[in-house]
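Please read the structure below before turning to the comments.
When a ligand or atom number is given, it counts from 1 through the structure's own listing order. Heavy-atom basis, side chains included; hydrogens, waters and symmetry copies ignored. Residues: numbered from 1 along the sequence shown.
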Amino acid sequence: MPDLHADLARTRADYEGFKARGLKLDMTRGKPSPEQLSLSDAMLLPQGNRDTTTAAGEDARNYGGALQGLPEVRALFGEALGLPADAIVLGNNSSLALMHDCIVWALLKGVPGGERPWSREASPAFICPVPGYDRHFGLAEEFGFRLLPVPLTGQGPDMDAVEALAADPSVKGMWCVPRYSNPTGETYSDDAVRRLAAMKAGAPDFRLFWDDAYAVHHLTDRRTPLASILDLTREAGHSDRAFCFGSTSKVTLAGAGVALFASSPANVAWFLARAGRRTIGSDKLNQLRHMRFLRDAEGLHAHMGRHRDLIGPKFDAVLAALERRLGGTGLARWSRPEGGYFISVDAVPGTASRVVALAKAAGVALTPAGATWPGGADPEDANLRLAPTFPKLAEVEAAAEGIAICIALAGLEKRGGDAASTS
Ligand code: PMP
């Protein structure tokens, strides 16, 4: 195997060279960079008295008026996300917290259409498209759900597998990041959305947890459309099937945005009945700040264009490094996302943990291998999630080069090992 030996020796030398640079880079989490956060600095200017009055003439500094969230802000987000304003409930800064509330309330109280609270089911389960978002899986795991992985296809989940699993009455829910999915970047096809809306579910209270976290986070000129899950579930006679979520965490300020829940009239009434016990209302001043700053849906899209100007080159840098080092080698496959926050790489099976360890030793922190799978365990040990938004462009360029070297080295080592064990 002279070629393999030569490749391995060369790649090892490149790796040692990279390590010797003594870099310290972090590509672990999909966080906006300080420059992206600064795009929203105008929102932090003190609000004068004039600015605390809602469209209805109410004083947003006080209690009351809008458990569902200010109508003008619901209308703005509704237009941007393709949702009717009265289907939306605004929350505080975290959509994950709203997902948590829905799960806890479903467990303790049950949801519309259900015969009993989910906690009374013997062994409730969630369908988990993989690779997926680790915090979704962790949340369901926290409350004892069985997690059932199904593969993503590039156009949404493998729907034959989903339909087979959903027929089981113990399957209560499914995680979906339908647009620019975390981490694969794919958007569910119209056919996949239609089948999710129409499929027969064994549980009468089955819910899609439809997390459109990256709805407006385009990386190209195209605003990738997504079929309306609320329309399609209603048309299929399953109007209460979808709980939709979103937030401005990666639109304005990740730590201080506005989150939203959206669903059918019955689910909105159910949600508000629970929410009214939990809070007198969410942060209306922050909702107003968003209104003043973004103004309307087009203002929001223009703002997202400025994000794209900052992060687009970082995605390009990672893709270029992967192509340069790994293109045509068969040592990796990777996504070329048109939106969202991640690049998903499938390395040679059995090497993802090795890649993460090699990168760590060379000063590059990556998301732990397996994080994109339920239980943090990727049976193939192949998937890596790259998050290029936070570091500076020069750092992303350096890190991407190093990561590509680590992927190549781990893959060649594996090939070498396999060749040795079969020769
Ligand atoms: N959903 C997905 C798919 C995400 O990737 C993230 C952030 N990484 C979140 C939700 C978190 O959203 P929030 O800040 O609104 O809780």
> Is Lys314 paired with Glu397 through a side-chain N to carboxylate O contact shorter than 4.0 Å?
Replying inline: no
> With sequence neighbours left out, what residues match His218 under ring pair (Phe, Tyr, Trp, His ring centres under 6.0 Å)?
Replying inline: Tyr180
> To which of Val258, Asn92, Leu96, Asp211 does the heavy atom nearest atom 2 (C) of ligand 1 belong?
Replying inline: Asp211
> Side chain, backbone, both or neither: which part of Ala259 has a heavy atom under 4.0 Å from ligand 1?
Replying inline: neither
>> Please work out, at 4.0 Å between heavy atoms, whether the side chain, the backbone, both, or neither of Arg135 comes within that distance of ligand 1.
In response: neither
>> For the aromatic rings, using the six-membered ring if either is Trp, is the centroid distance between Phe143 and Trp118 under 6.0 Å?
In response: no
> Pick one: which of Leu322, Ile407, Leu386 meets side-chain contact (heavy atoms from CB on, under 4.5 Å) with Trp334?
Replying inline: Leu322
> With a 4.0 Å heavy-atom cut-off (strictly under), which part of Ser94 contacts ligand 1: side chain, backbone, both or neither?
Replying inline: both
> For ligand 1, which atoms, with element, lie under 4.0 Å from some heavy atom of Ser249?
Replying inline: 13 (P), 14 (O), 15 (O)
> What atoms of ligand 1 come within less than 4.0 Å of a heavy atom belonging to Ser247?
Replying inline: 13 (P), 15 (O)
>> Would you compute the distance between atom CZ of Arg135 and atom CG of Asn182 and round it to the nearest 0.5 angstrom?
In response: 10.5 Å
>> At less than 4.0 angstrom from any non-hydrogen atom of Asn182, what atoms of ligand 1 do you find?
In response: 5 (O)
> What is the closest protein heavy atom to atom 9 (C) of ligand 1, and at what distance does it sit?
Replying inline: Tyr133 OH, 3.4 Å
> Who's the nearest protein heavy-atom neighbour of atom 12 (O) of ligand 1, and how far?
Replying inline: Ser95 OG, 3.2 Å
> Any cation-pi pair here, Lys172 with Phe126, using under 6.0 Å and within 45°?
Replying inline: no
> Atom SG of Cys176 and atom CG of Leu152: how far apart are they, to the nearest 0.5 Å?
Replying inline: 9.0 Å
> Quick one: which ligand 1 atoms are inside 4.0 Å of a heavy atom on Ala213?
Replying inline: 1 (N), 2 (C), 3 (C)
>> Can you check which of Tyr214, Phe209, Tyr341 brings a heavy atom nearest to atom 5 (O) of ligand 1?
In response: Tyr214
> Can a salt bridge be assigned to the pair Arg234 and Asp231 using a cut-off of 4.0 Å between side-chain N and carboxylate O?
Replying inline: yes
>> What protein heavy atom lies closest to atom 8 (N) of ligand 1? Include the residue and the distance to one decimal.
In response: Lys250 NZ, 2.9 Å
